[in-house]
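Notes for the one structure printed next.
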Number of protein chains: 2
Amino acid sequence: MQLTLLTLAEPNRFNIVELLKKAPRSVSEIVQALNIGQPQVSRHLRILSEAGLVRARNKAQQRIYSLEAQPFQDLDEWFDSFSILWEERLDNFEDYMLDYKRKEDV
Amino acid sequence: MQLTLLTLAEPNRFNIVELLKKAPRSVSEIVQALNIGQPQVSRHLRILSEAGLVRARNKAQQRIYSLEAQPFQDLDEWFDSFSILWEERLDNFEDYMLDYKRKEDV
DNA sequence: CGGTTAGTTAGTCATGTAACTAACTATAGA
DNA sequence: TCTATAGTTAGTTACATGACTAACTAACCG
């Protein structure tokens, strides 16, 4: 998960992922969409691939990249675990904060 | 969101956030939990703070840091948008893939 | 085969950033 | 006011990583 975050933090890779969310794409399609050269895209795709975020299938000379579900699902769950911060039962959360403060004050 | 990702990608900051998810904490409590010095923790907290992920309140000489909800909520929503990758209606998703392939073949 | 299209790999360079030490600031208490 | 506690800021160094160019590999086609 740590690895997934690190991989997504790079802006070009973030953009590649956004692109692939809409549909699988070939390397040259990705190159056209971003503002960097083909070797750079290739390298970022390798990093994404090694982190398990994308997968490639061959289509003649083309390589069609698409997203893998798992790591995104993992992060989705992780961020869900923060919902305590905003969810309905704010009152309860505040109780818990107060409780913490009480503990501090000892 | 980009910024939030970048900020969270650093392992120590990730750990700090995990800690603060459980409860607000003072700097020294965080220092004890991690394996780096106080200046480093202080610096990471500043970065987290500038990215809007945490907030501090003063308590005598201590600074008590806690999480801000908003950026986590934003990322939670963003990752939700990937649920097309794994959710129930896989069949529909496959249709959509096939549709894409058809487009390719033209 | 020879060429063309599609993509990857290697090597160099520059930049950003994390860790460390040392010095500084602020609050509390005797 | 002097000292101790709690944290921040500054300056240096080292390392990781992204961009670029050039060279390489693979698949298809005439």
Side-chain angles (χ1 to χ4, degrees), chain A residues 2-20 23-67 100-101 103-106, chain B residues 2-20 23-67 100-101 103-106:
Chain A
Q2 187 66 80
L3 176 62
T4 308
L5 277 179
L6 223 127
T7 306
L8 283 176
E10 206 284 325
N12 290 307
R13 290 197 288 269
F14 180 89
N15 288 331
I16 290 175
V17 164
E18 281 280 54
L19 266 179
L20 296 183
R25 291 186 200 280
S26 70
V27 176
S28 20
E29 285 174 316
I30 297 172
V31 169
Q32 281 165 13
L34 306 197
N35 227 355
I36 54 178
Q38 193 175 70
Q40 286 69 25
V41 170
S42 194
R43 187 168 172 282
H44 284 306
L45 285 169
R46 190 151 77 87
I47 292 170
L48 284 164
S49 167
E50 283 171 1
L53 301 198
V54 304
R55 196 176 28 141
R57 71 183 167 81
N58 291 342
K59 179 187 166 110
Q61 314 102 300
Q62 300 188 93
R63 318 210 69 211
I64 309 295
Y65 282 88
S66 55
L67 294 184
Y100 182 77
K101 280 193 219 169
K103 205 185 71 195
E104 280 181 320
D105 291 337
V106 173
Chain B
Q2 189 65 80
L3 176 62
T4 307
L5 276 178
L6 224 126
T7 306
L8 283 176
E10 206 284 326
N12 290 306
R13 289 197 288 268
F14 180 90
N15 289 330
I16 290 176
V17 165
E18 282 280 53
L19 266 180
L20 296 183
R25 292 185 200 281
S26 71
V27 176
S28 20
E29 287 175 314
I30 297 172
V31 169
Q32 280 165 15
L34 307 197
N35 226 356
I36 55 178
Q38 192 176 71
Q40 285 69 26
V41 169
S42 193
R43 188 169 171 282
H44 284 307
L45 284 169
R46 190 152 80 86
I47 292 170
L48 284 164
S49 166
E50 283 171 3
L53 301 197
V54 304
R55 195 175 30 139
R57 70 182 167 84
N58 290 341
K59 180 192 167 106
Q61 312 102 302
Q62 299 187 93
R63 317 210 71 212
I64 309 294
Y65 282 88
S66 55
L67 294 184
Y100 182 77
K101 279 193 221 168
K103 205 186 68 194
E104 280 181 320
D105 292 339
V106 172

Sub-4.5 Å side-chain heavy-atom contact between Pro11(B) and Gln2(A): yes
Rounding to a whole Å, what distance do you find between Asn58(A):CG and dA26(D):P? 12 Å
Below 4.5 Å, heavy atoms only, C-beta onward: do Val17(A) and Thr7(A) meet side chain to side chain? no
Rounded distance (Å) that lies between atom P of dT17(C) and atom CG of Leu48(B): 14 Å
Looking at dA19(C), I'd like to know if its phosphate oxygens (OP1 or OP2) sit under 4.0 Å from a side-chain N or O belonging to His44(B). yes
Report yes if a side-chain nitrogen or oxygen of Asn12(B) is closer than 4.0 Å to either non-bridging phosphate oxygen (OP1 or OP2) of dA19(C); otherwise report no. yes
Quick one, Asn58(B) with Gln62(B), criterion side-chain contact (heavy atoms from CB on, under 4.5 Å). Give me CA distance, side-chain angles, the key distance, then yes/no. CA-CA 6 Å; Asn58(B) 290 341; Gln62(B) 299 187 93; over 6 Å; no
From CD1 of Ile47(B) over to P of dT17(C), roughly how many Å is that when rounded to an integer? 8 Å
Heavy-atom side-chain proximity of Tyr65(B) to Arg25(B) below 4.5 angstrom: no
For the CZ atom of Phe14(A) and the CG atom of Leu6(B), what is their distance to the nearest 0.5 Å? 11.0 Å
Rounded to whole Å, CZ of Arg57(A) lies from P of dA27(D) at a distance of 16 Å
Between Asn15(A) (CG) and dA19(D) (C1'), how many Å, whole number? 16 Å
Atom pairs under 3.5 Å: protein N/O with N/O of nucleotides 5-9 of chain C:
residue : atom : partner  : partner atom : Å
dG7(C)  : OP1  : Val27(A) : N            : 3.2
dG7(C)  : OP1  : Arg63(A) : N            : 3.4
dG7(C)  : OP2  : Ser28(A) : N            : 3.0
dG7(C)  : OP2  : Ser28(A) : OG           : 2.3
dG7(C)  : N7   : Gln38(A) : OE1          : 2.8
dT8(C)  : OP1  : Tyr65(A) : OH           : 2.7
dT8(C)  : OP2  : Ser42(A) : OG           : 2.5
dT8(C)  : O5'  : Ser42(A) : OG           : 3.0
dT9(C)  : OP2  : Arg46(A) : NE           : 3.4

Separation of dA18(C) C1' from Ile16(B) CD1 (nearest whole Å): 13 Å
How many whole angstroms separate atom CD1 of Ile30(B) from atom C1' of dG7(D)? 12 Å
Is there side-chain contact between Glu10(B) and His44(B), with heavy atoms separated by less than 4.5 Å? yes
Could you check how far CD of Gln32(B) sits from C1' of dT5(D), rounded to whole Å? 14 Å
